[in-house]
Amino acid sequence: MISSFDLRIEVEALQELDSYDIPHDYDLTTEDPGRLLEAAVEAVADSSSAITDEQVFDIYRCLLKHADAVSGSVMSKLLDSTSSGLLAELEATIRDVELGDQQSYMAHKTPLELYAFLLHWFVTAAEKVKATEDGDAPPPAAATKGRRGRGGKSATGRGAGRGAASKKNETWTWQDQIPATLGLIVKVLRLQTQRIWTTTAERDDFIKTITRPAYHVAENEQYIKKSDIKLWVYKVICLSVKHHGQSLAVSINIIQFLTFFEHLSEPGMVECLTVLAGEYDHVQVGDEILREIAGKTFNAQDSKGPRAFARFLVKFAELAPRSILKQLSLLLDQLDSESYTMRQALVEVIGSIITELSNASTDNDNSKTAQKQISGLFDLLIERTLDISSYVRTKLLQVLAKMCDLKPKFPKQRLAITGAAIAALTDKGATVRKTAAALLVKLLETHPYRMHGGMLQLDVWQAEYQDVCKELAKVEGKIGNAVEKPEGEDDEEEEEDEDEEEEGDEGEEGSFKRKKKKSKKTKVKKEDSMDVDTEPEDNEENDEESEEEDEDEDDAKMAVDEDDENATPKKKPKKKKKHPKLKPRKSQLNVAAVTEEQAVLAGLEVQELQLMKLRKKYYVEGLAFIRQIESSMEPMGLLLGSKNKPEVSEAIEFFKVAHDYEFESAKVGIRKMLHLIWAKDNNSSGPTEEGKEGKGVRQKLLDCYRGLYFEAIEGLQPKEQVSRIAKNLVERTYETTLAELTSLEEMMRIMSEEEQIHQDVISKLWQIYSSQQNIPRQQRRGAIIILGMLALGRRSVLSDRVDTLLKVGLGALGKADLTLARYTCVALQRLNGSAKKVKGSLLDKTMRIEMTNPIFRKLQDAVNHPCRSREWFGFAEQVINTVYALGEHPDVFCNELIKKFTIKAFAPRAPKPAIPKTNNEMAETDPDAMAEDHPGDVTQNSLDTATQDTTQGTQQDDKEKDVGDAFELSQLLFIVGHVAIKQIVFLELVEREWKRQKDEKQAAEKLAAKAKGTDKASKDGEELDQVAGNAEDEIGDRVAGVRETEMLYGTDSLLAMYGPMVVHICGSPHKFKSPTLRAAATLSFSKFLCVSSQFCDQHHRLLFKILETSKDANIRSNIVIALGDVAVSFSNIIDENSNELYKGLSDGSIIVKKNTLMVLTHLILNGMIKVKGQLGEMAKCVEDEDARIADLAKLFFSELSTKENAIYNNLPDVISHLSAGDHAVDEKTFRSTLQYIFTFIEKEKQAENIVEKLCQRFRLSEDPRQWRDIAFCLSLLPFKSERSVKKLIEGFQFYRDKLHEPQVYEKFTEILVKARSNKSKDKPDNELNEFEELLEEHKRQGEEDEALEKRVEKKAAKKRASKRTTRKKPVQAEEDSE
């Protein structure tokens, strides 16, 4: 027998297993473990108390100590034997305890401890066996046998254990044995241990030993994932707490689990505590753990520890929010924790508590308390919007979004949430902005203001609000006339009503409806009919009522009252308020005179007054919410331009939802998002919160537009559906810019290719276009615009209806509406298809039409039709484009066109010109006729012989004729210029066609050569390749020669006649004063420059001169764009004069400046002109007052940074340009500009070189302003490397005498802090300390020198003053003597 066994000492001894002493130890290398165990098993099987035999007990201990050398089958027998023995001993103990024989049941103490010790040891030893057995890779069949053997054990007890022991070769796994083992421990824990272990210490030792296997199993993530094992672990822990006083031990263990085993944070220990509180009615452990967590301090650098505790708290709050609520005052300290993970968790915890409180009982007392708690918790959440971590702010917004789905709507808190969400739209974190946008969408979708069908039109709500104010005034008047209440009574009743309303689970709307049902039917009818507009003077009553509202609602009410345009000062309402309150005192003297009928009437009116006040409060909050959403439209529009795809998708969704709720300003966002059709990504924009794949931005946009405009809606007949969709399509073209039309065109092309526009809709559009009724011009124009766009995707949209195009667009309707005719020409151009040319390919899929086709005749008639509108130029441009797009020989058409307009412009005129006078239609319908020409503009007779006939009679006494001549000459020059530029494009197509024909011919020759013979074919093939290359070169040279020498200089060229004329008109602005003529001549001149390098070289300086001297912003803008085209054609000519082009960046016109910036961006990024120190002018635009120009400049530098060293190489020039000289900007602009540009200096080597260059600049500068600028630029560098710091210290001699300047010294101290914050191992701490001392020393020395210099100057000034006084004294003496 074992003489003495101290359980605690033995368990502690297991910590040092190698030194654990066993009296009867066996050498398992010589002894057979199976045979050794057999004897012990027989003994324990005969009597469970045999375990007290020291030899038997030592056999078990020996096998467990050397478990890594024991086979799995032996370990299985050992476990079966131990479990069977413990079970038998437990049953015997329970019987003896029930009999009450103390001596008998106390005898079981030692055996139970021995079995508990063995079971405790077995759990750790079993892990070693498992590891060795896994390496053997046993076959599945053996595992199955093992499971059957264990199953038999659990069913038949000891006998099954003996059967399992006889199977030597079966595979044993500890995982399958865990549930049965934990079940046995649960049975042990149902024992009345306090009767056997009389002292608390002994009992605690036994319980800790017997429960330790459960904790050990829980530490393994694979085990705890099994639901049966997990439930047994929970039972063990819960029983140890409930029946054996292990609360403190369990609390400590759970805290350790959370610290070291992250997998137990959720749902692990949270579910255990929930089971303990729910099934075992024990909440103290959970409370103690929460108090322990509340007192912990988490480090910001530690991520793993706080994450486990955070997940624990979040899950605990979901499963047991009431337990969290009790300890919330302590847990709130974690809102100030350094770890953002804990702050995130507290935000989620507060959200769970709000959810719990809002779903709680509606009992009056509890409801009021809950309302106060909810209000306080919401305030805590709103405060977190200022958290420094974007992760916390994002989590906060997600929690607030969940709050929107709660049944109570919390109107007051919703307004605060909306304000916080709008503020977050400008957050620097992209995830925060995206979540804020999603929150606003949720707020809109769940808003409680359903009075007008849920729509939120500001005008409607304002009108209804004013109606309510008017009705409220009437009801108050009636009450005053009937019976008056004592002063202050109305206010008390109103506050009670408001409190009741806020307590309701259905929010403002539910309370309002309940009150409404109590009133009489006549009253209900009266309120439902309040649709009339309100007079302005009723706002006085509005202000009066706003003073009587509850103080909690003052902010919302004031917001509405102050925004009311007709609101009056509050002094008047106060005066009016005193008057009726004086009356009750008089009426109270005659209470007996009030009849019973008046009392009844007064009761009804008071009820109606309460109803009116609630209704007014409802509208006040609704209006406040609507105004908040309206204010979010602008920042939400900015999100549409974000590079972060998820927030763009959320912004699209917001505008869609806002449009559905009829917000007027949402239409701006809907139109703005149209440009997202050019988004390059058409795949997933990342997983959504639900785990589903999100759509790409382009697909999201298409879905949005389809849902808003192009999909059928319920309740309409098919014909009405078609009309609605066609109307929506046409309206998309109203009041659009060119950019919006281009984006809409791309959208229509995609939808047409995917056949998402039904044929019935297309037929309806044709019906609108060809309608004979007098419909608005916009509708007809919109129809042909959309049809032209759809034709890009499907040519058949137009090809079957060409006759309609010619009849309508180029017929009488088109001649009366040149914009319609212009878009008809654009549609006609789509007949040749929209296949894009592949670079390097000679294939041409365009369709060409013979010149005898009626299309060209109609175009000729339309463009020759007399007209004096500015719209003619746009129409004529598209006519020429159409001819060059469709015609086989467009030059023939244009040749005829130029001749006719030349005759029209220069032919002698009859005394009474018939064309302008007889064209009554155009004279009446065209409001823009000659709108650009002024009566004083005359064309003087100084042209060459050809033009003198036209201009001789253009004097001021014949203004009408002069205007006509100038306009017709403008038409001619416009046509000539545009034909020149289109002819260049046509020549390129001719060149490609020639090359294609050559290519086909040579391919055929190769095939023929192959048929004759292989050897000869290879030689012929090489020769043919050489010939082909030479032929292509010849074709290119021939076409280039036509363009260079024949078009503008050929003897047979028609365009050659107009070059000198255009140059003369452009070079004589004092002679040709018509703005239309000057604009047309300049435009044609610009196009001529693109044709021939010879012509460009001779005359390009004239274009720069016009750019410099012209006062017309449109002309300057056109010239800038033209210079971009000229640079593409002849880059060397423009590159030599690029300084002139940069001057456009200083132009007073926003349009000129924007176009200059865009042209320069294109030329520089594509390498067409070189940057020669002018990048400073581009940098100025970064801080331009106009947001569009600033954005374009930032985009330019962003793209330029992708080119190697481009910004780095030009940075010194930019700094010099902005800091000194005539081009210098103020210091504030300099700093903001350079702060942006320095973000592109990312390479350490570049930063090191810039440090050296900037330090040397100090030596050459004498201006303190430049010192400050250089020091600021140095402070923008990161100083991450040791070499950067050393370069700065080495350059100390250059700036040491500038440190007395306060801002210079300040920037160097910032650099010092930045260098010290670097975490590099090579950080030169000693050198930095010496550098700091040098800075301070030379700063003091500089200040002393400066002070000395000032004193010297002061003394010198005094001396000069004294000399002047001494000279004055003799003069005064002479004057006195005289």
Side-chain angles (χ1 to χ4, degrees), residues 459 659 662 664 666-668 670-671 674 705 708-710 713 716-717 719-745 747-748 751 757-758 760-791 797-798 801-828 830 858 862 865 867-879 919-929 931:
D459 296 341
H659 186 275
E662 299 185 2
E664 191 66 28
K667 294 178 181 177
V668 178
I670 294 292
R671 177 167 287 186
L674 188 59
Y705 263 74
L708 290 176
Y709 302 119
F710 309 140
I713 58 176
L716 288 181
Q717 296 297 324
K719 195 172 182 180
E720 294 173 336
Q721 299 279 18
V722 170
S723 298
R724 172 186 163 271
I725 295 173
K727 178 175 176 288
N728 286 337
L729 282 168
V730 170
E731 286 178 349
R732 294 313 101 221
T733 65
Y734 291 175
E735 299 178 2
T736 51
T737 63
L738 180 60
E740 289 167 350
L741 276 179
T742 306
S743 299
L744 181 63
E745 180 179 87
M747 177 181 284
M748 292 297 102
M751 297 182 74
I757 304 296
H758 197 273
D760 291 346
V761 176
I762 295 174
S763 300
K764 184 66 178 178
L765 290 170
W766 278 113
Q767 183 182 339
I768 295 171
Y769 175 66
S770 59
S771 173
Q772 298 301 318
Q773 299 177 5
N774 189 19
I775 62 174
R777 286 185 171 186
Q778 274 190 323
Q779 284 188 20
R780 206 184 301 271
R781 293 172 183 172
I784 191 57
I785 290 172
I786 296 296
L787 288 168
M789 293 174 177
L790 295 175
V797 172
L798 291 177
R801 306 293 292 268
V802 175
D803 293 342
T804 307
L805 289 172
L806 301 181
K807 181 181 176 183
V808 178
L810 299 179
L813 288 170
K815 292 173 182 177
D817 182 5
L818 290 182
T819 303
L820 178 67
R822 175 160 60 91
Y823 285 119
T824 301
C825 291
V826 173
L828 283 170
R830 308 288 158 76
K858 278 285 188 179
H865 185 76
C867 173
R868 299 196 175 279
S869 170
R870 286 178 298 174
E871 293 178 359
W872 180 90
F873 294 98
F875 167 59
E877 178 184 8
Q878 293 306 327
V879 167
N919 189 10
N920 294 328
E921 182 185 4
M922 289 302 300
E924 292 175 1
T925 60
D926 188 5
D928 296 327

**Message:** When you measure from the side chain of R732 to the backbone of N728, do you find a donor-acceptor pair of N or O atoms at a distance under 3.5 Å?
**Reply:** yes
**Item:** Atom pair CD (Q778) and CD (E731), whose distance is rounded to the nearest 0.5 Å
**Value:** 9.5 Å
**Prompt:** Where is the tightest heavy-atom contact between L810 and A862, given as atom of each residue plus distance?
**Reply:** CD2-CB, 4.2 Å
**Request:** Using a strict 4.0 Å threshold on nitrogen-to-oxygen distance, state whether R780 and D817 make a salt bridge.
**Result:** no
**Message:** Could you tell me if the side chain of I785 sits less than 4.5 Å from the side chain of L744, heavy atoms only?
**Reply:** no
**Request:** Give the intermediate values and the outcome of side-chain contact (heavy atoms from CB on, under 4.5 Å) for residues I757 and I786.
**Result:** CA-CA 11 Å; I757 304 296; I786 296 296; over 6 Å; no
**side-chain contact (heavy atoms from CB on, under 4.5 Å) between I713 and R724, intermediate numbers included** = CA-CA 10 Å; I713 58 176; R724 172 186 163 271; 3.7 Å; yes
**Request:** With rounding to the nearest 0.5 Å, note down the distance linking CG in L805 to OG in S770.
**Result:** 10.0 Å
**Prompt:** At their closest point, which heavy atom of I768 faces which heavy atom of A726, and how far apart are they?
**Reply:** CD1-CB, 4.5 Å
**Message:** Rounded at 0.5 Å granularity, tell me how far CZ in R781 sits from CZ in R822.
**Reply:** 8.5 Å
**Message:** Keeping E740 on the side-chain end and T737 on the backbone end, is there a donor-acceptor pair under 3.5 Å?
**Reply:** yes
**Prompt:** Looking at side-chain heavy atoms only, is the closest gap between Y709 and K727 below 4.5 Å?
**Reply:** no
**Request:** Could you tell me whether the side chain of L708 reaches within less than 4.5 Å of the side chain of H659, counting heavy atoms only?
**Result:** yes
**Request:** Could you grab the distance from atom CG of L818 to atom NE2 of H865, nearest 0.5 Å is fine?
**Result:** 8.0 Å
**Item:** Nearest-0.5 Å distance, CD of residue E662 to CD of residue E664
**Value:** 9.5 Å
**Prompt:** Looking at I784 and A827, what are the two nearest heavy atoms and their distance?
**Reply:** CD1-CB, 4.0 Å
**Prompt:** Parallel, tilted or perpendicular for Y705 and F710, by the 30°/60° rule?
**Reply:** tilted
**Asked** Do L741 and Y823 come close enough that some side-chain heavy atom pair is under 4.5 Å?
**Response** yes
**Message:** If I compare all heavy atoms of V730 with all of G782, which pair ends up nearest, and what's the gap?
**Reply:** CG1-CA, 4.0 Å
**Prompt:** Is the CD atom of E720 crowded by more than 12 outside heavy atoms at less than 6.0 Å?
**Reply:** yes
**Message:** Measuring from atom OG1 of T824 to atom NZ of K858, what distance do you get when rounded to the nearest 0.5 angstrom?
**Reply:** 11.5 Å
**Message:** Does M748 form a side-chain contact (heavy atoms from CB on, under 4.5 Å) with L729? I'd like the steps, not just the answer.
**Reply:** CA-CA 10 Å; M748 292 297 102; L729 282 168; 3.7 Å; yes
**Prompt:** Where is the tightest heavy-atom contact between E735 and R671, given as atom of each residue plus distance?
**Reply:** O-NH1, 2.8 Å
**Request:** Return the minimal non-hydrogen interatomic distance between T804 and Y769, and the atom names on each side.
**Result:** O-CE2, 4.0 Å
**Request:** Side-chain contact test, heavy atoms from C-beta onward, threshold under 4.5 Å: evaluate it for R777 versus L820 and give yes or no.
**Result:** no
